[in-house]
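To keep things clear, I will list the structure first and then write my remarks on it.
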Amino acid sequence: MSNTRDTQTVTPYLILNGAARFIEFAREVFGAETELEERRPEEKARVMHAQLRIGNSTVMCADATEQWKAEAAGLFINVTDADTSFEKAQQAGATVIMPLSDQSYGRTCGVKDPAGVTWWITSPIAP
């Protein structure tokens with residue numbers, strides 16, 4: 001893959017209605033960095049391909065087309081502070097699908113971003 005750092009073995013590739021909204025949400029809430037973003041000159045609003053870096057992970061995305069339809073997706077993300085990320089997500093336009101709660105695996109919640117992607121946000125429970 002061009003223009004990427006070392007990637008994990010499996011990289012999510014999301015086909016979305018609203019890839020630009022997804023990219024902006026990931027930047028605002030999780031500090032994503034855009035490694036690559038391609039758009040057709042005649043269709044500036046449509047993302048042909050983008051690669052985002054969130055921590056040590058790469059997520060790729062593109063806008064849906066007639067040939068490539070949007071697909072439902074869910075991402076599980078480990079963060080330092082789920083409470084802070086939960087608040088940022090709501091401020092960035094996310095819909096709450098599961099409120100914050102303590103589970104056996106950590107402090108967690110679920111939100112759906114403006115592009116329709118579900119994010120399961122989890123952090124360790126403070127001792």
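Of all heavy-atom pairs between Glu28 and Lys88, the closest is O-CD, 4.0 Å. Across all non-hydrogen atoms, the minimal contact from Ile125 to Arg107 is CG1-N, 3.5 Å. For the pair Pro12 and Val10, the tightest heavy-atom approach, listed with the atom from each and the gap, is CD-O, 4.0 Å. When all heavy atoms of Ala92 and Pro114 are compared, the closest pair comes out as O-CG, 3.7 Å. Of all heavy-atom pairs between Ser101 and Gln103, the closest is OG-NE2, 2.8 Å. Closest approach of Gln51 and Met60 over heavy atoms only: CG-CG, 3.8 Å.
No side-chain heavy atom of Glu71 sits less than 4.5 Å from a side-chain heavy atom of Tyr13. Using a 4.5 Å heavy-atom cutoff, the side chains of Val47 and Glu37 are in contact. With a 4.5 Å cut-off on side-chain heavy atoms, Cys109 and Val96 do not count as touching. Here the side chains of Met98 and Thr108 are in contact, with some heavy-atom distance below 4.5 Å. Residues Thr80 and Ser123 fail the side-chain proximity criterion, which asks for heavy atoms closer than 4.5 Å.
One finds the OH atom of Tyr105 at 5.5 Å from the OG1 atom of Thr122 (value rounded to the nearest 0.5 Å). Rounded to the nearest 0.5 angstrom, Leu36 CG and Arg53 CZ are separated by 13.5 Å.
Cluster annotation: Phe30 and Leu52 are assigned to the same hydrophobic cluster (Ile/Leu/Val/Met/Phe/Trp/Tyr, side-chain heavy-atom contacts under 4.5 Å, transitive). By the rule that hydrophobic residues join a cluster once side-chain heavy atoms approach within less than 4.5 Å of another member, Ile54 and Val117 end up as members of one cluster. Under the 4.5 Å side-chain heavy-atom criterion for grouping Ile, Leu, Val, Met, Phe, Trp and Tyr, Phe22 is not connected to Trp120 through any hydrophobic cluster. Cluster annotation: Phe25 is not connected to Ile15 through the hydrophobic network of ILVMFWY side chains, with a link wherever side-chain heavy atoms come within less than 4.5 Å. Clustering ILVMFWY residues whenever any of their side-chain heavy atoms sit less than 4.5 angstrom apart, transitively, puts Val29 in the very cluster that holds Ile23.
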Apply side chain to side chain contact (heavy atoms under 4.5 Å, CB included) to Arg46 and Thr65, showing your working.
CA-CA 9 Å; Arg46 189 167 79 80; Thr65 66; 3.1 Å; yes
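Between the side chain of Thr118 and the backbone N or O of Gly74 there is no donor-acceptor pair closer than 3.5 Å. In this structure, Asp63 contributes its side chain and Ala19 its backbone to a donor-acceptor pair below 3.5 Å.
Ion pairing between a basic and an acidic side chain is recognised when a charged N comes within 4.0 Å of a carboxylate O; Arg27 and Glu24 show such pairing.
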